[in-house]
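Count residues from 1 along the sequence. Since we're looking at a predicted model, the values are computed, not measured. FYI, side chains are in, hydrogens and waters are out, and symmetry mates aren't considered; it's all heavy atoms of this structure.
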Amino acid sequence: QVQLVESGGGLVQPGGSTRLSCTTSGTTFSRDFVAWYRQAPGKQRELVAGITPGGATSYAEFVKGRATISKDNAENAVYLEMNNLKPEDTALYYCTARLVYWGQGTQVTVSS
């Protein structure tokens, strides 16, 4: 059984930073495409960033220059670091492996 668990996030002031972590059991991130999605209240889930097994990364336009996705194969973990956070970044952030397996999400709230 594959499980993904997100952590990090919380309440962040505008302009601040956060680092989200995604760990897994039952699959191996070194062989998976792993991505972060987010969903704000009343909005559709949207892609934030993805990383291929080979380490190639991609980002949504709204986070380009403000986010870095990375992975640690030894720890079987994927991270999303976001800087210069804006109130519109407030959302539930999900980790997914192969767009098949999903975590429960971690809340990021950007507010003063």
Side-chain angles (χ1 to χ4, degrees):
Q1 184 178 359
V2 177
Q3 290 186 319
L4 277 66
V5 178
E6 303 93 339
S7 60
L11 178 63
V12 185
Q13 289 195 338
S17 301
T18 192
R19 187 183 191 231
L20 308 181
S21 300
C22 176
T23 57
T24 184
S25 59
T27 189
T28 304
F29 281 166
S30 62
R31 296 197 295 261
D32 291 337
F33 170 76
V34 182
W36 287 94
Y37 277 71
R38 72 183 188 185
Q39 187 167 21
K43 295 188 177 181
Q44 289 190 331
R45 193 172 295 191
E46 59 185 358
L47 174 69
V48 179
I51 187 165
T52 68
T57 58
S58 57
Y59 298 91
E61 283 297 322
F62 57 76
V63 294
K64 274 187 179 178
R66 301 192 296 124
T68 302
I69 187 171
S70 61
K71 62 178 178 176
D72 184 331
N73 289 334
E75 294 293 325
N76 209 14
V78 171
Y79 308 99
L80 179 68
E81 184 167 353
M82 295 186 294
N83 305 305
N84 192 22
L85 285 163
K86 306 173 183 179
E88 51 263 44
D89 293 317
T90 295
L92 191 59
Y93 284 73
Y94 297 91
C95 173
T96 175
R98 306 182 226 162
L99 302 180
V100 172
Y101 305 107
W102 294 81
Q104 293 299 305
T106 186
Q107 179 68 36
V108 175
T109 301
V110 184
S111 175
S112 56

Nearest 0.5 Å please: distance from the CG atom of N76 over to the OG1 atom of T28.
5.5 Å
Interatomic distance, NZ@K71 vs CG@L80, rounded to 0.5 Å, equals 15.0 Å
Residue pair R98 / T27, side-chain heavy-atom distance below 4.5 Å:
yes
For I69, is there any backbone N or O sitting under 3.5 Å from a side-chain donor or acceptor partner on Y59?
yes
Residue pairs involving residues 62-112 (criterion disulfide bond (SG atoms under 2.5 Å apart); sequence neighbours excluded)
C22-C95
Are the side chain of E6 and the backbone N or O of Q104 linked by a donor-acceptor pair below 3.5 Å?
yes
What about V100 and V78, same hydrophobic cluster or not, with Ile/Leu/Val/Met/Phe/Trp/Tyr joined at side-chain heavy-atom distances under 4.5 Å?
yes
Check side chain to side chain contact (heavy atoms under 4.5 Å, CB included) between S70 and all other residues, then give those that pass, not counting sequence neighbours.
Y79
Between Y37 and L20, is there a shared hydrophobic cluster once you connect ILVMFWY residues whose side-chain heavy atoms come closer than 4.5 Å?
no
With a 4.5 Å cut-off on side-chain heavy-atom distances among I, L, V, M, F, W and Y, is there a chain of contacts connecting V34 to V2?
yes
Heavy-atom side-chain contact between Y94 and L4 under 4.5 Å
no
Nearest atoms (heavy-atom pairs only) where T23 meets A77:
CG2-CB, 4.0 Å
Close side-chain approach of I51 and F29, heavy atoms under 4.5 Å:
no
For the side chain of S30 and the backbone of N73, is there at least one donor-acceptor N/O pair under 3.5 Å apart?
no
Please identify each residue that fulfils side chain to side chain donor-acceptor pair (under 3.5 Å) with R66, with sequence neighbours left out.
D89
Minimal non-hydrogen separation, G9 against V108, with atom names:
CA-CG2, 3.8 Å
What heavy-atom pair brings P14 and S111 nearest, and what distance separates the two atoms?
CD-C, 3.5 Å
For atom CD of Q39, decide whether the heavy atoms of other residues, nucleotides or ligands shown that lie under 6.0 angstrom number more than 12.
yes
Residue pairs fulfilling salt bridge (charged side-chain N to carboxylate O under 4.0 Å, His left out) with at least one residue in residues 50-61, sequence neighbours excluded
E61-K64
Ring pair (Phe, Tyr, Trp, His ring centres under 6.0 Å) partners for Y101, two or more places apart:
none
Counting C-beta onward and ignoring hydrogens, is there a side-chain heavy-atom pair between W36 and M82 closer than 4.5 Å?
no
Under the salt bridge (Lys or Arg N to Asp or Glu O under 4.0 Å) test, residues paired with R45 that sit two or more places apart
none
To the nearest 0.5 angstrom, please state how far the CG atom of N83 sits from the OG1 atom of T18.
9.5 Å
Between F62 and E88, is any pair of side-chain heavy atoms under 4.5 Å apart?
no
Hey, is CD on Q44 packed in by over 12 heavy atoms from elsewhere, all under 6.0 Å?
no
Are any non-hydrogen side-chain atoms of Q107 and T90 less than 4.5 angstrom apart?
yes
Do L85 and L92 sit in the same hydrophobic cluster, where Ile, Leu, Val, Met, Phe, Trp and Tyr count as joined when their side-chain heavy atoms come under 4.5 Å apart?
no
